[in-house]
Structure formats: C-alpha cells, structure tokens
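Following: one structure in structure tokens, then a few remarks.
Counting from 1, the numbers follow the sequence of the chain as shown. What you see below is based on every heavy atom in this structure, not just the backbone, and it leaves out hydrogens, waters and symmetry mates.
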Amino acid sequence: MLYNEWTYEMLYRWGREELTLAEVPDAALDARLLLEWCCGTDRNTLLAHGDREISQEEKNRYKAAVVRRQSRVPLQQITGAQEFMGLTFAVDENVLVPRQDTEILVEEVLRNLHDGMRILDLCTGSGCILLSLLYYSNDCTGIGTDLSPEALQTAERNAEMTARTGTGERALCAAFLQSDLFRSLPGEEKFDIIVSNPPYIRTSVIETLMPEVKNHEPRMALDGGEDGLSFYRQIAAQAGGYLYSGGMLFMEIGSDQGKEVSRLLEDAGFKQIEVFQDYGGNDRVVQGVWSPSSLR
C-alpha cells in the first residue's frame, strides 16, 4: 500500500497489513501500540484523530519499528518497556520480558511480606520481582542476584525508575549483585523471604518456542537443563542456609513441575509446601517454609 500523503490512520493500516503478512501474532494490536509509541499518542487517537498528519520523522520511525517487529523482535524490546504489577519496567535483549504469570508469584509473596523484612531475589533479570515487592511494602530491603552483568545494569536502571514512580521520589532499599545464585553472598547473610523465577524450560524444548522467545530473549534465562529442574535442585539444596527459621521460599515453575519441585523442597527440609495456580488454572508457584528442625 502506497500513499502520497500519510495520515495517522493510513500509517496504522500499512503497519497492520505488513505485520499480518509476516504472520506476527496480534498484528493489529502491535501495529497500534507501535504507532502510539512512535508518535507519542494514546489509544483514542486512532478513533478520534485518524486524519492527523504524520511527519516524515514519525513515518520513518514507525516503518523501522514495524520492520523490527516483522523479524519477530518482541514488541517490548522495541519500545523498551513493559508493564508489570502496575509499574513500568525497562526491558532489553539482556533480560526476560516480565510476564503476567509472574505477577502470581509477586502476589503470593506480598501476602506473606511484612514491614521490615529482608528479601533475596535469585535470577533477578530486570529486577521487576524485587522492585515490585519493595514498592508495595514498607521498610523492606532486598538483594537481587544474577549472573549477567548486562541484566544487572537493566535492574539498576529499573530501580531508579521505580523510585521515581508516583508522587515524589521514594527510597527503595535494593542492591544488585553479580552472582551464580547464592555463590557471591556472604555466608552469614540471612533473609526472611527468598524468591526466584529461575530458568525452567527443558533444553530440548527451547527450539520449539516462539521466535520472539528463542531468538531474542537471553538463552541463559530460559534453559533449565535437560529436565528443566537444574536450578530448582540448586536453590532447594542451598536456600535453607540463607533463610531464618520459618523463612519462606517462593519460586515460579512450569505448568508441569509442581510435584517435582514440591518434592525437592520437602527433601531439603521445607514444610507447609503449597502449589498455586495462575489465571489459566496451571501450576505456577511453589512455596515452602524453612524448617531446619525437620532435618534432625
């Protein structure tokens, strides 16, 4: 489709057609969201101001964004942002895009989070889990660990953004540490809550995932080993050494991993183990209470 004079609606239709031809999922929605991002508009503009004139700069920027989306770069990596728990987080190719399923994990932690608690977030990535917990609590402190220095840079940027969210700047007591799970933490560190969304996809399954995931999200944040349980084994075995007695461990899981991860926690000395479902009715979160006396 070619136009001599471009309007807002014309540009949207062009983007929708291009993404549809490329078989991009949700082509119409993505075409609109990209247009709003490129033009600094909102969802009402298409209906109320479809005849709005488009500048050459806006047209070029939009066409470049559509080309990237045609190649299946995730929408959030193009716009550089994703909403999560009512907050906006920066995302890039170094971190997983925050997903709605992970909000279930945060909500379960919040139900057990009290003022002044210390939180450890393993495999923190963008930092969205830890920063959401700190934002919606009072006087809590937290450490986020990740093996990727690039991911930690994104998490630091998100800490600054989250602190400025709302009216006035608020202090969020978050620190980020490069570490392979617990490895770089001082041995005497203790926490009230440990939370993690670790890599849990089986290695053999990764190539079957959508191009947005397998080609553009960090492999190290996806690959959970041959059976998908590699990180759960390590976390379950070591978490007790970093929890106060009665402290809690929360982990996001794949929909078919509830029984296996629950068994790992039980064998490691956790009690009151529960599995929670996401909005689709699939197992999504496992929690357990650290009970060192059960190992005696």
Side-chain angles (χ1 to χ4, degrees), residues 84-85 96 98-138 140-146 174 181-182 185 189-201 221 224-225 227-295:
F84 180 82
M85 292 298 297
L96 290 181
R99 289 162 168 80
Q100 186 178 28
D101 285 343
T102 304
E103 293 187 351
I104 305 298
L105 174 64
V106 174
E107 289 167 358
E108 291 303 327
V109 177
L110 284 172
R111 289 188 178 94
N112 295 273
L113 186 62
H114 305 296
D115 293 357
M117 281 188 166
R118 297 196 71 213
I119 307 164
L120 173 63
D121 177 20
L122 301 170
C123 309
T124 193
S126 67
C128 66
I129 294 173
L130 176 61
L131 294 172
S132 296
L133 293 171
L134 295 179
Y135 184 85
Y136 291 114
S137 61
N138 296 307
C140 291
T141 61
I143 295 176
T145 70
D146 203 289
L181 297 179
F182 303 94
L185 289 170
E189 287 277 5
K190 295 285 184 180
F191 299 88
D192 300 285
I193 284 177
I194 296 177
V195 60
S196 184
N197 178 17
Y200 58 73
I201 299 174
D227 62 358
L229 300 174
S230 175
F231 285 85
Y232 297 113
R233 291 191 184 91
Q234 297 177 66
I235 293 171
Q238 299 177 53
Y242 295 88
L243 281 169
Y244 294 113
S245 180
M248 303 185 72
L249 171 63
F250 297 81
M251 294 187 289
E252 181 171 329
I253 58 171
S255 60
D256 61 347
Q257 295 173 325
K259 290 183 179 179
E260 291 92 339
V261 176
S262 295
R263 190 177 304 114
L264 289 172
L265 294 189
E266 183 178 3
D267 292 346
F270 286 85
K271 297 295 184 182
Q272 301 176 46
I273 298 165
E274 295 184 76
V275 178
F276 299 94
Q277 284 73 45
D278 58 25
Y279 298 119
N282 300 307
D283 288 352
R284 189 56 59 194
V285 173
V286 172
Q287 74 171 38
V289 177
W290 174 236
S291 179
S293 61
S294 66
L295 295 175

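Closest approach of Y232 to P198, counting heavy atoms only: CE2-CG, 3.5 Å. For V106 against S132, the heavy-atom pair with the smallest separation is CG1-CB, 4.2 Å. Residues L181 and T145 come closest through the heavy atom pair O-OG1, 3.4 Å. Y242 and L185 get closest at one heavy-atom pair: CE2-CB, 3.9 Å. For the pair G142 and L130, the tightest heavy-atom approach, listed with the atom from each and the gap, is CA-CD1, 3.8 Å. Residues A239 and F270 share a closest heavy-atom pair of CB-CZ, 4.0 Å.
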Given the rule in the side-chain contact (heavy atoms from CB on, under 4.5 Å) test, do E189 and R118 qualify, once you have shown the distances and angles that lead to the verdict? CA-CA 10 Å; E189 287 277 5; R118 297 196 71 213; 2.8 Å; yes
Could you walk me through whether V275 and Q277 satisfy the side-chain contact (heavy atoms from CB on, under 4.5 Å) test, starting with their C-alpha distance in whole Å, then the side-chain angles of each, then the deciding distance to 0.1 Å, before giving a yes or no? CA-CA 7 Å; V275 178; Q277 284 73 45; 4.0 Å; yes
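No side-chain heavy atom of D256 sits under 4.5 Å from any side-chain heavy atom of D283. Put simply, the side chain of Y200 does not reach to within 4.5 Å of the side chain of I253, judged on heavy atoms. Contact of the F250 side chain with the N112 side chain is registered, since non-hydrogen atoms from C-beta on lie closer than 4.5 Å. By the 4.5 Å heavy-atom criterion applied to side chains, S196 and I235 are counted as neighbours.
In this structure, I194 CD1 and L243 CG are separated by 3.5 Å, a value rounded to the nearest 0.5 Å. One distance of note links CG of L122 with CZ of F182; it measures 4.5 Å at 0.5 Å rounding. In this structure, CE on M85 lies 5.5 Å from CD on E103, to the nearest 0.5 angstrom. Between the CD1 atom of I273 and the CG atom of L264 there is a distance of 9.5 Å, given to the nearest 0.5 Å. The structure places CG of L113 at 4.0 Å from SG of C140, a figure rounded to the nearest 0.5 Å. With values rounded to the nearest 0.5 angstrom, M251 atom CE is found 4.5 Å from L265 atom CG.
Between the side chain of K190 and the backbone N or O of G241, at least one donor-acceptor pair lies under 3.5 Å.
A salt bridge links D227 to R233: one of the charged nitrogens lies within less than 4.0 Å of a carboxylate oxygen. Using a 4.0 Å cut-off between a side-chain N of Lys or Arg and a carboxylate O of Asp or Glu, E108 and R111 qualify as a salt bridge.
M117 pairs in a side-chain contact (heavy atoms from CB on, under 4.5 Å) with only one of the listed residues (N138, I193, T141), which is I193.
Heavy atoms from other residues, nucleotides or ligands lying under 6.0 Å from CD of Q100 number 12 at most.
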